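Naming: A, B, ... by sequence-line order, numbering from 1 per chain. Remember, predicted model here, so these are calculated numbers, not experimental data.
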Amino acid sequence: MMRKILTWQADRSRLTATGGAAVLLTLLWLGGCRSVPPPPVPAPEPVPAVHRGLIVLASDNSPAITGVARELALRLSAGDVESHTLSADDSRNVALLRRVQSSDRTRVVAIGLPAAKLARRLDGKQVVFCQVFNHENAHLVTPWMKGVAAVPPAGESLRAWKSIQPGLTRIGLVTGPNLKGLVAEARAAARAQGVELHSVEVRTDKELLYTVKRFGAKVQGLWLVPDNRVLSRNVLRDVVGHALKEGKSVLAFHRDLLAIGAMLSAESDAGDIADTVLQRIGQAGAGAVLPGAEMTPLNRAEIRVNALVVSQLGLSLPAAFRDKTHAH
Amino acid sequence: MLIDRLKRLVATVARLPAPAGHGRARRSLVSRLLGLLVLGAGVVYLVVNAGLWWTSTRLIETSLERQAARWVAELDELGTPLFASRRSRHLTVIDDRIKHFPEIAYVRYYDAGGRKALGHYGPERDLDIPPPTDEQLARLRQMADAEEGEGETRRLTVPLRLEDNYLRVLAPIRIRSIAQDGMLNFSLKSTPAETVRVIGFLDFGIAAHHYRQEFVQNLINGGVAMALLFGFVLWIGRRLITRALNPLTELQEPLARLARGDTEVTVKSEGDAEIAAISDALNATINAIRRRDETLRDMAERDALTGLVNRASFTRELEQEIARCAAGASSAVFFVDLDQFKYVNDTLGHAAGDRLLVQVAQLLTSRMRDRDVVSRFGGDEFVILARDVDRAQAAEIAGSLNGLMRDMHVIEGEQVVNVYCSIGITVVDSGRYNVEDVLAQADMACYEAKTRGRNRYHAYEFSAEDRKKIVTDLAWAQQIKTALRGDGFRLVYQPIVRLQPGGEEYHEALLRLRTRDGDWLTPGAFLPVAQRFGLLAEIDRWVLANAIRALGEARRTGRALVFTVNLSGESFEDPGLPALVESHLRAHGVPGTALILEITEQTAVRHLERAGQLIGSLNALGCRLALDDFGKGFSSFSHLKHLPVNFIKIDGSFIEHLHRNPVDQAMVQSIIQVARALGKTTIAEFVQNEETLGLLRRSGVDFVQGYYLGEPGDLPPPHAEVA
C-alpha cells in the first residue's frame, strides 16, 4: 500500500555560532513566540574557541548516534574534536573512560545513553549528553553534566498537528513515570494551541493499552512519546490501530508508526541536535560546573504526515504539507 | 443363450411349490431390494452421524481453542487494573463481561508468583481449584518468554475434573517494553528484542458440560433431521424401486401360470429396456414351448401318417363317452379294417399303401361329423366314435362308409385299385362295458364282417361265443399287463455267430411269456392281442430295460457281449424312446455300441421319416440298428440307401430252403452283395443245418443265427467260434 508521507521541516531557527543569538532564540521559543518566521540562514562562522578540544563519545554506530556525531564534525574542524565510540567490551570502555579522564580536554559530548552513563563517571569534565530518552531514570543530570532533549519541541509538533486537524481540542498523553518535564512541556504547548491535554501516567505497556482503550470520547487524538518503559511493538500496533478504528488521530514519535495508522510523526533532527549541543557547550565556563538548564530543548521538529489517514479522518491536508508529499 | 436361461428360469419356476401356502414363503425381490435400501440407508445414516459427531467434536475443539485465545486476550486486558496497583480491588467490569458467557465457569488472576489470587470472578468463582502447579507455572513462564509466532498459542489448556468436566485454561500475563535505548533507532520489526516480564497469571475454566449439552442437543436435532431426510429418501426410493420393478413383479403371475403348464399366457413387454428384453424373451420362450407342446401333443395324440387321433387319444375320448352314455346317451363305435390293404402294400409298395391310408382317413373324416372321432389304431385299422346315434343310425353310417369305400378308386400309375372295408359296429348305450370291452366288441364284429365275405358291416350282437372270445382276449391282455408289472416275462438269448474269427459275442434277446401252467410262450402267441390292446410299446420298454440290465451284468463279468433287441412299430410313435434307452444305458454302465435295435423292414419303411429320426437319435447314443426280416414282403433295395442301419438280417424264408433252392441262393447272394456295397453287415437267420451254413459262409455273410447254431435260452457261457 502506498502511503503518502509529507515532510515538513520546522526550521524555525538555525543556531550556529553565537551564543547570544541562541539564548535569545531560546527565550523567544520558551516565550511562545513560535509564530515568528524563521530568519534567513546565516553564513558559516569560524569555530569558537570554546568548542576546541571537544571529546565526542558515541554509544554505538547506529544511525541516530552517528548522525549527530557527523553533524558535530561538520560544524567543527578536524583537530578540535576527538571522537570515540563505545565498545561492547566494558573493559575497553573503562580504558576509554580513563583516557578521557586523563585527557586535557575538559568538554565532553556524550551521544546516547551508554555514552552518557560512562561520561557521568568523569570527574572535572563538563559534559553535554544528547539522544537520551528518559534521562531521569538514569539520573544523568549533575552540576557538570547537562542534556539536550531527545524529542523535538512539543510546541512545534503540536502546532503541526493542530494545523492539520484544526478541530483538535482534546488530546491524550500516556507516559511512563517520572516524565514530569516532558509532560509539562507538552501541557504548555497544548495550552498554547488551545488544546486540552489529558495526561495519564502508566507503568506498563499493558496499562498503556488499557488506558488508551478507556479514553473513549475524552480525547480526539493520542500523543505517543518515546517512553521505552511502557511501550512495546504490539501495544503500539494495538494503540494506533484502536485509535484509528475510533477515528482518533495519533501523533507518533517515529515515522514507522505512520505505516500502521498514525497520522503524523515528529522526530528530532540530527543537525538541530548538533547545533543545540554546541550551543550548550558554548555556555560552559572555566569551572567544573556547566551552567544553565538541566535539559535544553530542541528547536526543530521533522514532521511527516500519512495523507491517507488524514483523508480517512475526514481532514484536508494544508498546502504547507501537501507540496512536500512523497511516497513512502 | 437368453432362451436357454429363460428356459432354466421357467423350469425353476415350475419346480417352485405352489404359491398358495405350500412350503416356505420366498422373499420377493422388491422386499429384498427395499431391505438392502433400508440397510444401506441405515449404514449411511450411522456413518454420517459418526462423521457428524467426529467433525462436530473437532469443530468444537477448534472453536474452543480459538475462543479460548480470544478469552485469554480479553480477560488479560480486563484484568490490567489488578496489576496496576498493589491494592486489592474487585473489577465489576469482568463480572459484567463474562456473565454473557455461561460457559465460563470461573476466572482467576494470580500474581507473578502464581500463588496469590488477585481476583475471583465468574458464577463458579468459589470452586475449590488449586493454584497452578510449579510445573505449569514454569511452562507458562517459558511460553511468555518465547517470541510470538504465527498461530502460536500462549496458553495452557488443562482438563480439570471436579464435579463435572471443566476445561482449565492458564495463561501468563506479561508486559513488554522496548530496551532503554531502543527508542533511538526505533523499528516496528522484531529487533531489537523487547524485554518481557510476567506479572501474573490468568486462570479460567470453561464448563465443558455446557458445550456437551449444546453439542448433544445439536446432534440430536441433526440426527432427527437426517433421519427424516433419510426416511423421505427411503420413501422415494421405495416408490422408485417398486415402480421400476413393477414390470418384473407382474411377471410372477404369468410365470406361475406357465409353471402350471398354461402356455396360453402372454407377458407384457413394458418397463425398462432390460425388463422389456426379458419379457420379450419370455414371450418367445412361451411361444416356443407352446409350439413344442402342440407338436408333442400331436405326436402323442395323433397318427403321424394320417393326422387322425391315435389309439391312446381315442381311448380317452371313448372312456368319456361311455361315462356320458351311462347317463342315457347312445353312441356307436365302428371298427374299420381295409380288405385289400395287404395287396396294395405288396403290389404297389409301402408308399402306395401309405397314400391309401391317408386317402381312407380323409374319406372317413369327411363322412363323419366334427363331433365324431376318427382314429387310426395302426396298420389298416380305423376306429370311429359316432356320438348320439342309435343302432339304426349306426348301421346307416356303416353302410354309407362301405359305399364310399366302394366308390373310392386308388390310382397308382396306370393301375386302378378298388379298396373295400369291413366294418364292425357296437353300440354304447350304457356304462356296462369298459373301453376294452367296447373295442373288443367292435373288433369281433369286424372280424365277423370279414368272415362273412368282407366289404360289409356287421353289428355286434351279444353271444356267448363272442363273449367268450372277448373274455379270452381280455384275459390275455390282463396276463400281459400282469407280466409287465411282475415277473411274467423273461428274456432268452439266441447266439448270433460271427463267421470271421474274433470280435464280440452277439446274442438276440427274445421275449417269452409264462403261462399259468408254467410254460413259456413265444411272442407269436400274445403279440397280436398286445397289439390290439396297444401294449406293444410298453412291452418294448420292458424288453429294453431288462435286456440292458442283463447286458450290464454280463459285461461287468468281463464278457464283451452285444445284444440285439426287437422294436415294434408302436415304439416309432414313442418320442421318449431314445431318452429311455439313454437312461438305462447310463444306469447300467453299458456303452451304446453294445446294443443293436432290430426293426422290421416293413415298420421302417412305413415310418420312413420317423425311422430316420429315431435311428439318428439312437445312433447318437452309440446304438446300432438292424433291419430285420429283410426281403420279406415288398422290399426295395432303394430303401437301404435311405435307412442308416448297420445290419441287415436276411429274412428266414430265404434261408430255410437255401440248401436246395437256387433262387433263394441267388436272392441271398444279391442281398449280401448289395449290403456290402452299402457298407452294411449281414446276418442270416433260420440256419438249420451244416449245408446251409456252408453256403452262407461261401456267400460271404457276416453273421449267422439259427437253431443249428444255438437255441434260445439262458445266456450261455462264452461259445467257441464256428469253424
> Flag the pair B:F204 / B:Y106 as yes when their ring centroid distance falls below 6.0 Å, and as no otherwise.
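When the ring centroids of B:F204 and B:Y106 are compared, they turn out to be at least 6.0 Å apart.
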> Does a donor on one side chain sit under 3.5 Å from an acceptor on the other, for A:T175 and A:D227?
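No donor-acceptor contact under 3.5 Å links the two side chains.
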> With respect to chain A, which residue among B:I199, B:T195, B:D76, B:I175 yields the maximal number of heavy-atom pairs within a distance under 4.5 Å?
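Going by pairs under 4.5 Å, I would pick B:I175.
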> Within the structure provided, determine whether B:Y110 and B:L118 are in side-chain contact (heavy-atom separation under 4.5 Å).
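Side chain of B:Y110 against side chain of B:L118, heavy atoms only: no contact under 4.5 Å found.
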> Write down the atom of A:S199, the atom of A:V183, and the distance for their closest heavy-atom approach.
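Heavy-atom minimum between the residues: OG-CG1, 3.6 Å.
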> Given a strict heavy-atom distance threshold of 4.5 Å, which part of B:L78 is in contact with chain A: side chain, backbone, both, or neither?
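The answer is both parts of B:L78.
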> Flag the one option from A:V202, A:T211, A:V132, A:T204 with the top tally of heavy-atom pairs under 4.5 Å to chain B.
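Most heavy-atom pairs within the cutoff with chain B belong to A:T204.
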> Counting only non-hydrogen atoms closer than 4.5 Å, does A:L231 touch chain B with its backbone (N, CA, C, O), its side chain (CB onward), both, or neither?
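The answer is both parts of A:L231.
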